[in-house]
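What you see is a predicted model, and the numbers here were worked out from it, not measured in a lab.
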Amino acid sequence: NQASWWQSKYDKDHNKFKVVLRILLAQDGEIITITPFPEKAYASDPIYQRFIDSAVQAVSKASPLQHLPDKSKYDLWKEIELTFTAEGAY
């Protein structure tokens, strides 16, 4: 369930959080690296750091990813980006 990865108990400003995660995958779907690209506007907010950590942890728990495209097309999907918001991921 996408909605359960982050439970915001904070004020409405924290519902605007967003982070992009760049994920490098092995051919078997194992996650090799997760690199967050945080928004500078919230960089000093400790709650935002917990938000980023929660997104990274959610992706890490999904490793290895399943149902990936054919391995012959690995160069096309070996690096993906996911955007996480306080409302979900896309």
(message) Do Ile23 and Tyr74 sit in one hydrophobic cluster, given that two such residues count as connected whenever their side-chain heavy atoms are within less than 4.5 Å of each other, even indirectly?
(response)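 In one cluster: yes.
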(request) Give the cluster check for Ile80 versus Leu21: same hydrophobic cluster or not, with ILVMFWY residues linked at side-chain heavy-atom distances below 4.5 Å. (result) yes
(request) Would you please say whether a donor-acceptor pair under 3.5 Å links the side chains of Asp45 and Gln49? (result) no
(request) Kindly indicate whether the side chain of Thr85, heavy atoms from C-beta on, has any atom under 4.5 Å from the side chain of Phe17. (result) no
Nearest 0.5 Å please: distance from the [atom1] atom of [X] over to the [atom2] atom of [Y].
| X | Y | atom1 | atom2 | value |
| --- | --- | --- | --- | --- |
| Gln27 | Asp75 | CD | CG | 8.5 Å |
| Ile52 | Gln57 | CD1 | CD | 14.0 Å |
| Arg22 | Thr35 | CZ | OG1 | 7.0 Å |
| Leu25 | Glu30 | CG | CD | 9.5 Å |
| Ile32 | Glu79 | CD1 | CD | 10.0 Å |

(request) Determine the minimum heavy-atom distance between Pro36 and Val56, stating which atoms define it. (result) CG-CG2, 4.5 Å
(message) Testing the basics here: between Ser60 and Ile34, what is the closest heavy-atom pair and its distance to 0.1 Å?
(response) OG-CD1, 3.3 Å
(message) Any side-chain to backbone donor/acceptor pair from Tyr42 onto Ile47? Under 3.5 Å, distance only.
(response)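 No, because the side chain of Tyr42 does not come within donor-acceptor range (under 3.5 Å) of the backbone of Ile47.
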(request) Verify, without hydrogens or angle tests, whether Ser63 (side chain) and Ile31 (backbone) share a donor-acceptor contact under 3.5 angstrom. (result)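 Flag set: sc Ser63 to bb Ile31 pair under 3.5 Å.
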(request) Look at the rings of Tyr48 and Phe51 and say which category their plane angle falls in: under 30° parallel, 30 to 60° tilted, over 60° perpendicular. (result) parallel
(request) Start with the C-alpha gap between Thr83 and Lys18, add the side-chain angles, then the distance that decides, and say whether side chain to side chain contact (heavy atoms under 4.5 Å, CB included) holds. (result) CA-CA 7 Å; Thr83 300; Lys18 178 172 94 172; 3.6 Å; yes
